[in-house]
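First the structure, in the form of structure tokens, and then the observations on it.
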Amino acid sequence: MIPNQNIYLDNAATTPLDPEVLEVMTRSYRTLFGNPSSIHSHGRKAKAALEKARRQVAQIIHASPGEIYFTSGGTEANNTALLGAVRDLDVQNIITTRLEHPSVLNMLNYIQSQYPSVGIHWAETDALGAPSYSHLEDLLHQYGEGKTLVSMMHANNETGTLTDIHRIGELCDSYGALFHCDTVQTMGFYPIDVSKEKIHFSGASAHKFYGPKGIGFLYMSNASIVHPLMYGGGQERGMRSSTENVAGAMALAFALQKMERERERRRAHITALRQHLIRSLRRHLPSCRILHDDTTNCHYKIANIALPPTSKAELAVINLDIAGISVSGGSACSSGVEKVSHVIDILDPEEERKHIRISFSHHNTTDEIDRFIEEISRVL
Ligand code: PLP
């Protein structure tokens with residue numbers, strides 16, 4: 001349980017910092033404060049630690065260290081890949097879905113405004129938000145001339161719906177297209193092997209896997225190098241100028257290694273909690289609809305629930321918050337206001353129901369789920 005006894009069920013938004021990760025960070029801040037670009041011993045030590053972190057990340061996703069670029073997070077990784085692919089790799093067509101994260105969709109809006117000749121093509125999605133692989137293939141066939149980029153997320157952050165990235169990679173490969181896969185919600189939670197999957201770009205944010213905010217990475221295959229978004233001192237082999245966040249990179253690498261070590265144990269615990277939630281909802285609140293009954297095609301940490309269409313449901317997130325339970329009711333907006341989710345809007349435009357997203361961590365307990373069920377029953 002996280003401090004203050006409140007119940008935190010919004011782990012897809014962000015996760016609490018693992019105390020061991022914090023220790024790695026504070027040790028680094030104390031002892032490795034040198035600038036990695038400096039040639040003296042303080043700088044060299046910081047540089048060595050940074051490169052070790054890069055190797056550790058690369059090893060986990062089976063990339064070469066030169067293909068890992070530390071960034072401020074997933075948004076920067078997605079933006080760098082998409083803009084770079086158009087600007088530097090001569091991409092003429094982008095195939096994606098309308099359910100991507102705003103860090104993809106808003107970059108695509110920008111690309112449309114600045115590069116009007118680039119075609120943006122929307123692959124159809126099914127009732128749960130999974131892309132239609134046959135429509136993707138049609139689009140690849142249709143726009144196979146010239147360079148094409150497919151951008152599809154591994155797991156949707158609101159519904160948890162998983163895409164078959166192996167299948168997409170193979171399709172892209174057979175049409176000579178590039179594949180950008182937003183892995184921000186899955187990095188650490190699922191094994192990702194870029195030596196097997198035909199992925200050219202993907203990204204991660206450490207705060208989604210119990211690491212700190214403000215650090216992430218872009219995986220960019222050596223075969224598809226783009227130019228940077230920022231220019232300056234030429235750090236990160238010219239890809240990302242700005243003095244490196246050594247403590248952040250070390251913390252990210254440590255957190256990712258720990259995710260890998262603990263993955264199966266945590267996964268079993270979270271999956272059991274998810275099953276318990278769904279069983280309890282069926283028993284106590286049968287009018288709730290659960291988007292994914294099981295985790296075959298859904299990220300195990302996410303459960304999206306459509307509440308019964310009543311005025312009380314509209315205020316569910318606020319009333320749960322008053323009861324000390326944090327869940328999400330749409331996409332968080334920088335102003336702190338919750339917007340109606342573009343994802344739910346697209347999946348079911350007629351839907352009158354309010355959806356809430358429960359997202360678990362290994363810290364959650366069955367008792368917490370029981371308390372959530374009690375409170376949501378009261379609220380509704
Ligand atoms: N992509 C997905 C699927 C996400 O869920 C998020 C964050 O919620 C991002 C990208 C952006 O990550 P960050 O806000 O850490 O830059």
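Whatever order the structure lists them in is the order used to number ligands and atoms, beginning at 1. Since we're looking at a predicted model, the values are computed, not measured.
Looking at residues two or more places apart in sequence or on another chain, you find a ring pair (Phe, Tyr, Trp, His ring centres under 6.0 Å) between H299 and F189, Y190. Taking the side-chain contact (heavy atoms from CB on, under 4.5 Å) definition, one finds that N319 meets it with L315, I322, V379, sequence neighbours left out.
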Between H362 and Y210, does a ring-ring contact (aromatic ring centres under 6.0 Å, His included) hold up when you go through it step by step?
CA-CA 11 Å; H362 54 281; Y210 311 96; 4.6 Å; yes
Distance dump, ligand 1 polar atoms to protein, N/O, under 3.5 Å:
| residue | atom | partner | partner atom | Å |
| --- | --- | --- | --- | --- |
| ligand 1 | 1 (N) | D182 | OD1 | 3.2 |
| ligand 1 | 1 (N) | D182 | OD2 | 2.7 |
| ligand 1 | 5 (O) | Q185 | NE2 | 2.8 |
| ligand 1 | 8 (O) | K208 | NZ | 2.6 |
| ligand 1 | 15 (O) | S205 | OG | 2.5 |
| ligand 1 | 15 (O) | H207 | NE2 | 2.8 |
| ligand 1 | 16 (O) | G74 | N | 3.3 |
| ligand 1 | 16 (O) | T75 | N | 2.9 |
| ligand 1 | 16 (O) | T75 | OG1 | 2.7 |

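Seen from the ring of Y69, R237 counts as a face-on cation partner, given the 6.0 Å and 45° thresholds.
Side-chain heavy-atom separations under 4.5 angstrom define the hydrophobic clusters, and the remaining members of the one that includes Y29 are M25.
In this structure, E262 does not pair ionically with R267, as no charged nitrogen and carboxylate oxygen lie closer than 4.0 Å.
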